[in-house]
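Written below as structure tokens is the structure these notes are about.
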Amino acid sequence: MAQSTITLPDESTMQVAAGTTAAEIAETIGPALARDAVAAQINGQTVDLSTPIGDDVELAIVTVDSAEGLEIYRHSAAHVMADAVVRLFPEAKPTIGPAIADGFYYDFAVDEPFTEEDLTRIEAEMDKIIAADLPFTRQDVSPAEARAHFEQTDNAYKVELIDELVEEGEQNISLYQHGDFVDLCRGPHLPATGNITAFKLLSVAGAYWRGDESNPMLQRIYGTAYPDQKMLDDHLKRIDEAKARDHRKLGRELKLFSFFEEAGAGLVYYHPNGAMLRQLVTDFTIKEHLKRGYELVRTPHLIKSTIWEISGHAQQDYPMYYTDVEGQSYGIKPMNCPGHILIYNSETRSYRDLPIRYFELGTVYRHERSGVLHGLLRVRGFTQDDAHIFCTPEQLTDEIVGVIEFAQDMLSTFGFDEYEVLLATKPDKAMGTDEMWEQGIEALAAALEECNMDYQIAPKEGAFYGPKIDIAIKDALGRLWDGPTIQCDFNMPERFDITYVGPDGQEHRPVMVHRVVLAGIERFLGALIENCAGDFPLWLAPVQIRILPITDRNVTYADEIAKKLREEDLRVEVDGESATLQAKIRDAELMKIPYMLVVGDREQESGQVAVRSRQEGDLGPQPFEEFMATVCAKARIQAT
RNA sequence: GCCGACGUAGCUCAGAGGUAGAGCAGGUCACUUGUAAUGACCAGGUCGUCCGUUCGAAUCGGACCGUCGGCUCCA
């Protein structure tokens with residue numbers, strides 16, 4: 001009998017009879033491996049465990065604890081869900097159902113949308129399919145056969161997918177079947193439905209076929225699956241944890257901000273605590289910009305529409321608001337760049353002036369569609385820590401490096417140390433020549449490399465005026481938030497015809513970089529609130545100290561020390577209510593105030609305060625002056 | 001904008017074709033308290049808005065406003 005030589009990842013080799021399956025080899029290596037195996041990699045290609053091995057190959061067993069293995073596991077769960085749906089709703093047409101970051105989904109074309117109650121029924125049906133332990137089998141067929149199958153089930157969506165595959169040059173179409181359910185699928189899959197142990201369906205939502213809003217709306221069911229129940233429970237617990245620190249909930253509880261239905265959606269009202277938090281963040285931001293050679297500018301909210309025609313926003317149908325002033329059309333600024341360009345253009349600039357870095361806390365308005373608004377994360381009026389850098393092409397990479405380093409400094413001060421970085425290239429709907437785009441992409445890539453940043457290319461994701469770097473920041477729960485963006489612009493300088501005089505006495509075109517670090521201040525505050533669950537570090541706490549007089553006799557003393565603390569720029573409140581100390585402590589704890597000073601007759605007589613720290617609990621009495629010195633020092637530390 | 005769900009007191013929520021309820025928050029009074037809720041009393045709602053169906057609508061239908069989960073888009 002013919003033998004095949006298998007090389008395993010640890011370089012060891014084994015001899016097996018030709019035709020032995022990957023599953024059998026896993027079994028030979030060990031029962032634990034066989035149990036966790038979901039697929040195999042043969043010469044780097046991921047295939048089903050049931051694949052027989054004919055030649056000498058490199059083989060790796062893919063287990064469910066790898067990212068790839070988990071994806072396969074969840075993808076199989078999606079198939080089981082689709083099967084369950086079709087069993088319960090024979091009219092439903094399955095379309096596409098992939099694994100995603102935290103689970104999987106499947107989109108169905110149905111006449112009636114699914115209800116929450118349907119999810120329970122579908123889960124029960126899935127349990128049956130899993131209990132039946134139906135093997136997943138692969139079948140490679142011709143496009144014609146595949147088409148015939150899905151035409152028979154009247155599924156135009158699958159037929160469309162097959163036609164696309166054929167266009168891409170596929171000769172073979174793979175179908176996966178378990179029980180009676182057949183799906184168009186690249187695979188691979190688990191050996192059988194029984195391999196799925198823990199899953200849960202989470203929600204149902206509308207989604208456009210292929211993500212295009214001109215296409216029909218499908219019904220999407222989201223679910224998740226984990227190799228064991230405990231992992232699933234942990235995941236569900238994380239969802240609850242995220243809910244508990246939702247910035248919209250905390251925004252109300254901590255009296256930070258609100259929205260008013262009667263005043264307009266997506267427009268934020270900052271209450272005293274929120275306005276203080278915002279001010280602390282923006283004061284810090286301004287200071288850091290000035291340190292790095294930026295200059296403050298300020299531009300109006302209303303600019304004649306002719307400027308928006310020059311900038312191209314008008315022609316791009318940018319979602320902005322317009323108004324009319326004495327018969328002239330004005331646009332409410334959705335971006336700060338044209339204003340900064342006007343200032344740049346107000347004088348003849350020399351190469352000796354460059355780089356010029358204009359910074360503005362620029363408040364902009366954008367007409368975001370009603371369905372996308374989301375707390376502070378997606379609003380219609382927001383403020384950016386926006387700057388535009390005008391520089392020579394030679395200075396470009398250094399300037400971008402400067403921005404990246406600045407962004408890292410800022411974010412880490414606020415407690416964000418992990419990032420995911422994208423470099424976005426030319427979209428279909430774009431201005432500027434290919435050559436300009438290439439230059440920009442090169443400069444951005446060079447800067448990222450100089451900063452040793454790992455990044456991924458996001459094809460066609462650039463702004464219409466230039467390529468960009470998008471940095472997403474990771475929070476305490478591992479969630480990603482939109483963060484800094486650095487956008488090259490070879491286009492706007494052209495349109496506004498801005499120049500500088502070079503050493504040769506000739507006019508040259510400067511490069512323009514748009515960049516935000518915190519990005520939208522509102523959005524950043526949302527991320528900040530959720531990252532620390534409303535428990536702000538001392539330097540950012542809207543109220544740093546609350547003084548709790550034990551009796552009415554102690555209120556005057558409390559007011560006195562409050563005055564002294566305020567003179568040191570500390571943010572202090574006195575709780576003068578006639579309530580018990582316990583009740584006052586509870587209130588202050590719920591407001592997540594970092595320090596409580598309990599003052600009764602004893603403290604008053606001795607000039608002391610009894611300190612209770614939110615983090616460390618009761619610290620006992622100490623001289624007031626001593627506390628003030630300590631807390632002043634701590635409040636100055638701008639790091640989390 | 002699209003699909004679905006939802007909107008009852010400041011907040012969290014119960015109720016439901018016959019005219020609205022709780023807890024917390026708020027106010028008043030009493031208490032003057034030592035490290036996460038003192039007690040009593042009071043006040044508070046044209047049940048998101050408008051239009052319709054009905055003898056009668058908070059309850060049923062429609063439109064609009066807003067919120068939530070997604071799609072899409074984006075700082």
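Chain letters run A, B, ... following the sequence lines, proteins first and then strands; every chain starts at 1. This structure is a prediction, so every number in the text was calculated from the model and none was measured.
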Carboxylate-amine/guanidinium proximity below 4.0 Å for Glu241(A) and Arg245(A) = yes
Indicate for each nucleotide in nucleotides 69-75 of chain B, in 5' to 3' sequence, whether protein heavy atoms under 4.0 Å reach the base (B), only the sugar-phosphate (S), or nothing (-).
-> BBBBBBB
C60(B) pairs with which nucleotide, Watson-Crick or G-U wobble, both distances below 3.5 Å?
-> G52(B)
Pick the C1' atom in G23(B) and in A30(B), then give their distance to the nearest Å.
-> 23 Å
Rounded distance in Å between the C1' positions of G15(B) and U32(B) | 42 Å
With C1' as the reference atom in both, quote the distance from A57(B) to G62(B) in angstrom, rounded to an integer.
-> 14 Å
Integer angstrom distance from the P of G18(B) to that of G10(B) = 25 Å
Of residues 593-601 of chain A, the positions that come close to RNA chain B - non-hydrogen atoms, cut-off under 4.0 Å = Val598(A), Gly600(A), Asp601(A)
Using Watson-Crick or G-U wobble geometry with both distances below 3.5 Å, tell me the partner of C47(B), or none.
-> none
Residue Ser370(A), side-chain heavy atoms: nucleotide from C3(B), U35(B), G1(B) that is nearest = G1(B)
Are Lys333(A) and Glu360(A) ion-paired here, with the side-chain N under 4.0 Å from a carboxylate O?
-> yes
OP1 or OP2 of U33(B) less than 4.0 angstrom from a side-chain nitrogen or oxygen of Arg553(A), does that happen here?
-> yes
5' precedence on RNA chain B between Val611(A) and Asp587(A) (nearest-nucleotide basis) = Asp587(A)
Distance between the C1' atoms of G61(B) and A9(B), in whole angstroms?
-> 28 Å
Can you tell me the Watson-Crick or wobble partner of C42(B), both distances under 3.5 angstrom?
-> G26(B)
Would you kindly check whether a donor in the side chain of Ser578(A) faces an acceptor in the base of C31(B), or vice versa, at under 3.5 angstrom?
-> yes
Return the nearest nucleotide to the side chain of Leu581(A); candidates are C3(B), U33(B), A36(B).
-> U33(B)
Please work out if Arg252(A) contacts a base, only the sugar-phosphate, or nothing of the nucleic acid, heavy-atom cut-off 4.0 Å.
-> sugar-phosphate
Kindly say if Thr551(A) contacts the phosphate of U33(B), meaning a side-chain N or O under 4.0 Å from OP1 or OP2.
-> no
Provide the distance between the two P atoms, one in C74(B) and one in A58(B), to the nearest whole Å.
-> 44 Å
Under 3.5 Å on both distances, the Watson-Crick or G-U partner of C71(B) = G1(B)
Which salt bridge (Lys or Arg N to Asp or Glu O under 4.0 Å) pairs, counting each pair once, include a residue from residues 596-621 of chain A, with sequence neighbours left out?
-> Asp535(A)-Arg614(A), Arg553(A)-Asp601(A), Glu589(A)-Arg612(A), Glu589(A)-Arg614(A)
Rounded distance in Å between the C1' positions of G45(B) and G7(B) = 14 Å
Look at all strands and tell whether Ala588(A) reaches a base, only sugar-phosphate, or nothing, counting heavy atoms closer than 4.0 Å.
-> nothing
Can you tell me the pairing partner of G17(B) across any strand shown, Watson-Crick or G-U wobble, with both distances under 3.5 angstrom?
-> none
